[in-house]
Amino acid sequence: MPINHVAVVGGTHGNEPTGPHLLRLLAEKGIPASFSTFALHPVLANPLACSRNVRFVDQDLNRSFLTTDLADDSLQQYEARRAKEINQLIGPKGNAKTDLILDIHTSTANMGTTIILQSSSPFQMHLAAHVQSALPGVFIYAISAEAYTGGCDQPFLPSIAETGIGLEFGPIPNGILRHDLINRSYAATLACLEFIEQANRGSAPLPRQPVAYFEHVKTVPFPLDEVGHIDAVIHESLQDRDYFPLNPGDPMFVHRDGRVVHSSESEILYPVFINEAAYYPQKVAFSLTRKRTITL
Ligand SMILES: [Zn+2]
């Protein structure tokens, strides 16, 4: 199936200005003239949150795209309405006019350049493997609907399209721009578009080696005190160690009295989004993934 329409989405979270900046760069610089087999559609997803430099106004836009919520007219919060507008613009989900969505995010965690896939389908893996071969330090993180919600639907913006890709760049504080991350996000976006052009022409080479990726297992909450406040911090030996192995018994948290909480998992897992600022309201400390490989 050719990819005819590609949406590049920025500002889904209003305090991540790298995406909106990238949209302006793409508008000014354009894309290589050799990319001629698809149309590119820029979308500024959450303009009100962007203007206020906050993640969202009423609710997280990137959790507002469940099919049942898009059909529910009683949901009238700003992001619920904005989700329906975006669904009209580049969807509708399930029968979208847009074949592929690239949704640009940043993380306060040490996530490097992460490609977030909503399935481990061969096409999505092929795209991610292409980006990985084109750029240094690229990780592939697969979050299936089953692993995330236990169901078959996803609340994420990219789930509108048949192929929805999240691009996550870090570490960077919320609300600021950095030259290096802007360059990284531009290069990764162009690498995705380059793959789409090659795939449309039937000339995208398959990787010769198996592709390693990280499959979402679960989120890990902070230890809480009896009234529900966060009662321990990420242990220094875990901080910034996104995508490094966490062995059974390794330190995860430390309480004020020095008491250490160790991993009670029975296998080696790989933490991601360690100490992500956006997850503090949910009291989530990090997510755990399992490292897998796929041969394409
Ligand atoms: Zn984000």
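Just the heavy atoms: all of them, side chains too, but no hydrogens, waters or symmetry mates, feed the values below. Each ligand, and each atom within it, is numbered from 1 in the order the structure gives.
Residue Glu168: no N/O/S atom is found under 2.8 Å from the Zn ion (ligand 1).
Just one of Tyr279, Tyr243, Phe286, Tyr280 meets the ring pair (Phe, Tyr, Trp, His ring centres under 6.0 Å) condition when paired with Phe273; it is Tyr279.
Looking at His105, its N, O or S atom nearest to the Zn ion (ligand 1) turns out to be ND1. Atom ND1 is the N/O/S atom of His13 found closest to the Zn ion (ligand 1).
Applying the 6.0 Å contact sphere to CD of Gln209 captures no more than 12 heavy atoms from other residues, nucleotides or ligands. More than 12 heavy atoms of other residues, nucleotides or ligands shown are found within 6.0 angstrom of CD on Glu215.
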Could you walk me through whether Glu267 and Arg290 pass the salt bridge (charged side-chain N to carboxylate O under 4.0 Å, His left out) check?
CA-CA 9 Å; Glu267 60 178 315; Arg290 192 174 281 123; 2.8 Å; yes

